[in-house]
Amino acid sequence: KCVYDVERLATKVTISSANARDLIALSNSLEQVPSIKYFLKPLGDNRLTQLNQNCDPLTDVTDWTKKALIENPPVLLTEGNLIRKGFNSELDTLRSDSHSGKKIIAELEAKERSRTGISNLKVKFNHIFGYYLEVSKSNLKFVPNDYERKQTLVGSERFTIPQLKEYERRVLGAEDKIIELEYNLFCELRSTIGRECQRIRKTAKALAQLDCLLTLAEVAHQFGYVQPNLHKGEELVIKEGRHPVVERQGNQMPTGGFIANDLYLNNTTDQILIITGPNMAGKSTYLRQVSLITLMAQIGSFIPADSAHISIVDRIFSRVGAQDHLQKGMSTFMVEMNETANILNNATERSLIILDEIGRGTSTFDGISIAWSIVEYLHGDSAKEGPKTLFATHYHELTDLALVLKGVKNFNVQVKEWNEEIIFLRKIIPGGADKSYGIQVARLAGLPEKVLHRANEVLFNLEKSQFDEVGTPKIARSEEETTKPQVEQLGLFLEKAHPAIKQLETIEPDNLSPRQAMETLYNLKNLIKKTSK
């Protein structure tokens, strides 16, 4: 906790942008290294031993900084007050001159009050006029002849005398030299430390790795994670796996805690899991927890599960969520297809893939067709094994793939129906779901009852594929409309007359010459030919 971002501080030193506080922060961080090395030494682990060797205490850097800089220097380097007393003899002499000069000026103020009899006479300073004697208007009659006027104000006047000018020269000259010398001494110190930045960065890298390992170990100890068994085979087995983030919010869940689930995947008999079930049931959480557990195992972390037998993967691919790139002219579906194409073109049999609701961004038939074809493509063939895949979907038709493709298995998230409501049990069980319970979830969200009632009617008609007596799908009808008399037969004539008929109605045959009658006949023939196309 006492170590700052050492690598960033080293970079600032290298490019000469570090101020005095940065060097103090770097020094304070490096001072922690000896105690860290002390605790690492008896552990004996090869990795920790190597990191211990890479941790250079850089005592020379900390010594230079502590000897040169005060504990709480200012941010700006042009204000002075950076360097410790005793670090540089020339600086100490200048400071002594400056201090004695200020003391002399204070003595001069007392002397001039006594000489002039002006009790409220003051010696003041500003950056424009330097040091001056200020006398109120009421006391101007007591001002001696050797006072030289510098400025007139509304209620007072400012003067100077030869002695004050001399003291001013000594004091201000010393202060300017002090600021300049302190700045030069600091820059020299910064350059000296900068030459050791390679050592600093090596230590920073070791500290960063130790910090990461310590964090993983602390979380594993605090939340009961276990060591996974990593192997080069094809099986990915997780017993009672949990989502490392969602389980922390378990006390806020309706069920009162996170529900753990198992997983078994390989590249042959259980290569693709088709996961169905209602919205809000936990399909996406299950997909994400599997990928996170796999990722944690690959980086050397313990995992949130009772046990795990995890194969080494080359990459983890995911296609989840919905987002667009409107500035690039890409819809949510186009983004989805781009990401899916990247997966299909780059995944290998050593990859893990999670796909969530592929094809939902387009029409139902298009979406099902795309999703079906993707599963077939990922399944591979006898000559090539496909990647391990979790595929969550609301297309129940995809469950039929388990009947025709070896290695495709159906799973669903268990729910319980009660009084037109559903209870999410959050448990992944074998088999496909036959319903998505979307209307029940909509009820939980608070949709108006009228909307839910109508949605149930439409759903019933869709599922039954019913049509009325004249061939119109009942999806467009409500219960009330089903009681109305229906049209039994279509009319024989079109309600809208053909353009040729309309033109015939305007013709007066008795008024046409033979030539006009022939032209009219040709026009009608062309009109019929044109409209028939």
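Nothing here was measured: the structure is a model prediction, and the numbers come from that model.
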Legend entry - Closest contact, heavy atoms only, G432 versus T399: CA-CG2, 4.1 Å
Inset, instruction - Identify whether the distance between the nearest side-chain nitrogen and carboxylate oxygen of E339 and R319 falls below 4.0 Å. - result: yes
Inset, instruction - Give the intermediate values and the outcome of side-chain contact (heavy atoms from CB on, under 4.5 Å) for residues L263 and L236. - result: CA-CA 7 Å; L263 171 80; L236 201 164; 3.4 Å; yes
Inset, instruction - Could you tell me which non-hydrogen atom of A305 sits nearest to which non-hydrogen atom of V226, and how far apart they are? - result: O-CG2, 3.1 Å
Inset, instruction - Flag the pair W372 / L398 as yes when at least one side-chain heavy-atom distance between them is below 4.5 Å, and no otherwise. - result: yes
Legend entry - Main-chain N/O of G359 paired to T362 side chain as donor or acceptor, under 3.5 Å: no
Inset, instruction - Could you tell me whether D22 and K12 make a salt bridge, using a distance below 4.0 angstrom between a side-chain N and a carboxylate O? - result: yes
Inset, instruction - Verify the neighbour count for atom CZ of R8: are there more than 12 heavy atoms of other residues, nucleotides or ligands below 6.0 Å? - result: no
Legend entry - Min side-chain heavy-atom separation K239-S307 under 4.5 Å: yes
Inset, instruction - Please report the closest heavy-atom contact between I354 and L287, naming both atoms and the distance. - result: CG2-O, 3.8 Å
Inset, instruction - Would you please say whether a donor-acceptor pair under 3.5 Å links the side chains of R426 and Q414? - result: no
Legend entry - Chi angles and distances behind the salt bridge (charged side-chain N to carboxylate O under 4.0 Å, His left out) call for D56, R199: CA-CA 7 Å; D56 186 343; R199 294 168 57 202; 2.9 Å; yes
Legend entry - Heavy-atom neighbours of K427 NZ exceed 12 at 6.0 Å: yes
Inset, instruction - Would you indicate whether F223, at its atom CZ, is surrounded by more than 12 heavy atoms from other residues, nucleotides or ligands within a distance under 6.0 Å? - result: yes
Inset, instruction - Please name the pair of heavy atoms, one in P244 and one in M296, separated by the smallest distance, quoted to 0.1 Å. - result: CG-SD, 4.0 Å
Legend entry - R350 (side chain) donor-acceptor with I312 (main chain) under 3.5 angstrom: yes
Legend entry - Exercise: do N338 and N342 side chains pair donor with acceptor under 3.5 Å: no
Inset, instruction - Apply side-chain contact (heavy atoms from CB on, under 4.5 Å) to the pair I274 and F411, showing each step before the final yes or no. - result: CA-CA 6 Å; I274 304 294; F411 284 82; over 6 Å; no
Inset, instruction - Test T49 against R47 for side-chain contact (heavy atoms from CB on, under 4.5 Å), laying out the working first. - result: CA-CA 5 Å; T49 299; R47 176 75 176 278; over 6 Å; no
Inset, instruction - Measure across A392 and K283 and return the closest heavy-atom pair with its distance rounded to 0.1 Å. - result: CB-CB, 4.2 Å
Legend entry - Pair E449-H453, side-chain donor/acceptor within less than 3.5 Å: no
Legend entry - Criterion side-chain contact (heavy atoms from CB on, under 4.5 Å) on F317 and L355, from CA distance to verdict: CA-CA 8 Å; F317 292 100; L355 300 173; over 6 Å; no
Legend entry - Distance (rounded to the nearest 0.5 Å) between I428 CD1 and L425 CG: 11.0 Å
Inset, instruction - Under the side-chain hydrogen bond (donor to acceptor under 3.5 Å, both in side chains) rule, what do Y264 and D262 come out as? Steps first, then yes or no, please. - result: CA-CA 7 Å; Y264 180 80; D262 297 342; over 6 Å; no
Inset, instruction - Indicate whether any N or O donor in one side chain lies under 3.5 Å from an N or O acceptor in the other, for E357 and Y395. - result: no
Legend entry - Heavy-atom side-chain proximity of I358 to T393 below 4.5 angstrom: no
Legend entry - Any donor-acceptor pair under 3.5 Å from E247 side chain to A260 backbone: no
Inset, instruction - Evaluate whether atom OH of Y4 has more than 12 neighbouring non-hydrogen atoms of other residues, nucleotides or ligands under 6.0 angstrom away. - result: no
Legend entry - Check: N412/T276 side-chain N/O donor and acceptor closer than 3.5 Å: no
Inset, instruction - Can you measure from OG1 (T11) to CD1 (I200) and round to the nearest 0.5 angstrom? - result: 10.0 Å
Inset, instruction - Quick one: pull up CD in Q227 and OG in S301 and give me the separation to the nearest 0.5 Å. - result: 10.5 Å
Legend entry - Main-chain N/O of Y225 paired to H221 side chain as donor or acceptor, under 3.5 Å: no
Inset, instruction - State, with a plain yes or no, whether a side-chain heavy atom of F258 is found less than 4.5 Å away from one of Q289. - result: yes
Inset, instruction - Evaluate the side-chain proximity of P387 to E349: yes if any heavy-atom separation is below 4.5 Å, no if none is. - result: no
Legend entry - Backbone N/O of S513 and side chain of Q516: donor-acceptor pair under 3.5 Å: yes
Legend entry - From L26 atom CG to L9 atom CG, the distance as rounded to the nearest 0.5 Å: 5.5 Å
Inset, instruction - Starting at OG1 of T520, measure out to NZ of K525 and round the result to the nearest 0.5 Å. - result: 15.0 Å
Legend entry - Side-chain touch V6/T203, heavy atoms, less than 4.5 angstrom: no
Legend entry - Salt-bridge present (K388, E234; N to O < 4.0 Å): no
Inset, instruction - Kindly check if the number of other-residue, nucleotide or ligand heavy atoms within 6.0 Å of CD (E519) is above 12? - result: yes
Inset, instruction - Please round to the nearest 0.5 Å and tell me the distance separating atom CG of N72 and atom CZ of R21. - result: 7.5 Å
Inset, instruction - Answer yes or no: is there a donor N or O on one side and an acceptor on the other, between the side chain of S373 and the main chain of S369, under 3.5 Å? - result: no
Inset, instruction - Compare all side-chain heavy atoms of N52 with those of K41 and state whether any distance is below 4.5 angstrom. - result: yes
Inset, instruction - Please answer whether the main-chain N or O of A25 pairs with a side-chain N or O of S29 as donor and acceptor at a distance below 3.5 Å. - result: yes
Inset, instruction - Check whether any side-chain heavy atom of Q271 sits under 4.5 Å from a side-chain heavy atom of E385, and report yes or no. - result: no
Legend entry - Where H394 and P278 come nearest, the two heavy atoms and their spacing: CE1-C, 3.9 Å
Inset, instruction - Check for a donor-acceptor pair, side chain of H243 on one end and backbone N or O of R248 on the other, with a separation under 3.5 Å. - result: no
Inset, instruction - Answer yes or no: is there a donor N or O on one side and an acceptor on the other, between the side chain of D270 and the main chain of N266, under 3.5 Å? - result: no
